[in-house]
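Values in this document were obtained by computation on a predicted structure and should not be read as measured data. By convention here, the first residue in the shown sequence is residue 1.
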Amino acid sequence: KDPGRLYYVPAVRAEDWPRFATSWSPPGGFLGTHTPWAKQLEALKAQRAEKAARRRPARPVRVPASMASRKVRERLRTLPGARLELGKALGGTLSGERVHGITCPNCGRPDVWFIVDPETKTSASCNHQNSCGWWGSLYDLGRGHE
């Protein structure tokens, strides 16, 4: 099925039948007759590295602010690591799976908390539900502390 794997085996009709053999190879041989294959491989790698060095550096991708904020919102809503990082950045304390001690953007007291695992609870809440009643997304909480 693959002509590159075609082999011929010698065959003779009779003992006294005339015999001859031929072979074909590209000029310089398949792997080169003058240089070992390892040197050719190194030369090829050097050519590729030189070609890569001549390429223009990629331009930085500019992301619209609305798209960037959507990405941040999504990360804070779904990734525990991002939620924990935000809690540390806002001066919160980790206790079990809960980050607490963050200053409330509404009443100013350090009583906002949220759960690190987003499957349990995605929003943040202030402990003062009767007087303050603040609750919101972690994105809003982070923006309130800018």
Side-chain angles (χ1 to χ4, degrees), residues 1-12 19-146:
K1 292 180 181 180
D2 183 4
R5 298 171 192 252
L6 184 65
Y7 298 98
Y8 293 98
V9 289
V12 231
R19 301 174 193 176
F20 68 95
T22 61
S23 68
W24 177 88
S25 67
F30 288 104
L31 293 176
T33 54
H34 303 296
T35 59
W37 64 271
K39 287 184 182 178
Q40 288 184 341
L41 182 61
E42 290 301 319
L44 179 64
K45 286 181 181 179
Q47 282 178 344
R48 287 186 179 170
E50 183 181 318
K51 198 180 233 183
R54 285 189 301 219
R55 288 188 195 132
R56 292 183 192 153
R59 292 187 298 172
V61 178
R62 294 191 178 165
V63 179
S66 61
M67 186 183 285
S69 66
R70 266 185 284 173
K71 193 75 167 170
V72 171
R73 283 179 193 267
E74 181 66 25
R75 290 178 60 105
L76 289 173
R77 194 170 52 247
T78 59
L79 299 177
R83 296 167 68 89
L84 184 59
E85 190 175 322
L86 176 68
K88 289 179 183 177
L90 296 177
T93 307
L94 179 66
S95 177
E97 287 191 11
R98 182 178 162 181
V99 176
H100 60 90
I102 299 170
T103 306
C104 178
N106 195 26
C107 68
R109 295 178 275 193
D111 288 320
V112 172
W113 62 275
F114 61 87
I115 305 294
V116 175
D117 182 14
E119 291 183 18
T120 307
K121 181 182 182 206
T122 58
S123 62
S125 303
C126 181
N127 276 338
H128 303 279
Q129 290 187 6
N130 293 335
S131 61
C132 172
W134 183 89
W135 66 273
S137 70
L138 270 63
Y139 180 79
D140 295 334
L141 179 64
R143 286 183 55 97
H145 286 84
E146 290 182 296

Novice: S125 vs W113, test: side-chain contact (heavy atoms from CB on, under 4.5 Å). Steps then yes/no.
Specialist: CA-CA 6 Å; S125 303; W113 62 275; 4.0 Å; yes
Novice: So, E74 and R77, do they make that salt bridge, N to O below 4.0 Å?
Specialist: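 Salt bridge between E74 and R77, a charged N being under 4.0 Å from a carboxylate O: yes.
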Novice: Measure across G87 and I102 and return the closest heavy-atom pair with its distance rounded to 0.1 Å.
Specialist: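 Between these two residues, the closest heavy atoms are CA-CD1, 4.3 Å.
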Novice: Please indicate whether K121 has more than 12 foreign heavy atoms, meaning atoms of other residues, nucleotides or ligands, lying under 6.0 Å from its NZ.
Specialist: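 Above 12, so yes.
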Novice: Start with the C-alpha gap between L141 and W134, add the side-chain angles, then the distance that decides, and say whether side-chain contact (heavy atoms from CB on, under 4.5 Å) holds.
Specialist: CA-CA 10 Å; L141 179 64; W134 183 89; 3.9 Å; yes
Novice: So V116 and V99, do their side chains get closer than 4.5 Å, heavy atoms only?
Specialist: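 Yes - at least one pair of side-chain heavy atoms lies under 4.5 Å apart.
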Novice: side-chain contact (heavy atoms from CB on, under 4.5 Å), that's the test. Do D111 and C104 meet it? Break it down for me.
Specialist: CA-CA 6 Å; D111 288 320; C104 178; 5.9 Å; no
Novice: Roughly how far, to the nearest 0.5 Å, is CG of N127 from NE2 of H100?
Specialist: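 Rounded to the nearest 0.5 Å, the NE2-CG separation comes to 9.5 Å.
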Novice: First locate atom CG of L41, then atom CG of L44, and finally report the distance between them rounded to the nearest 0.5 Å.
Specialist: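 Nearest 0.5 Å value for the CG-CG distance: 6.5 Å.
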Novice: When you measure from the side chain of T122 to the backbone N and O of P118, does any donor-acceptor pair fall under 3.5 Å?
Specialist: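 Side chain of T122 to backbone of P118, a donor-acceptor pair under 3.5 Å: no, none is there.
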Novice: Do you know the tightest heavy-atom contact between V112 and P105?
Specialist: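 Here V112 and P105 meet closest at CG2-CD, 4.3 Å.
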Novice: Any chance CZ of R75 has more than 12 other-residue heavy atoms, nucleotides or ligands included, within less than 6.0 Å?
Specialist: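 Open: at most 12 neighbouring heavy atoms sit under 6.0 Å from CZ of R75.
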Novice: Taking R83 for the side chain and I115 for the main chain, is one N or O donor matched with an acceptor at less than 3.5 Å?
Specialist: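 Yes; at least one donor-acceptor contact below 3.5 Å.
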Novice: For the atom pair CZ (F114) and CG (L84), what is the distance rounded to the nearest 0.5 Å?
Specialist: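 If we round to the nearest 0.5 Å, F114:CZ and L84:CG are 7.5 Å apart.
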Novice: Between S131 and C107, does the side-chain contact (heavy atoms from CB on, under 4.5 Å) criterion hold? Intermediate values first, please.
Specialist: CA-CA 9 Å; S131 61; C107 68; over 6 Å; no
Novice: Would you find a donor on one side and an acceptor on the other, under 3.5 Å apart, between the side chain of S137 and the backbone of D140?
Specialist: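 Pair found, side chain donor or acceptor close to backbone of D140.
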Novice: Between E50 and R54, is there a salt bridge with N-O shorter than 4.0 Å?
Specialist: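 Yes, this pair counts.
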Novice: Taking all non-hydrogen atoms of both residues into account, name the closest pair between Y139 and V72 and its distance.
Specialist: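 Answer, listing the atom of Y139 first, then V72: CD1-CG1, 3.7 Å.
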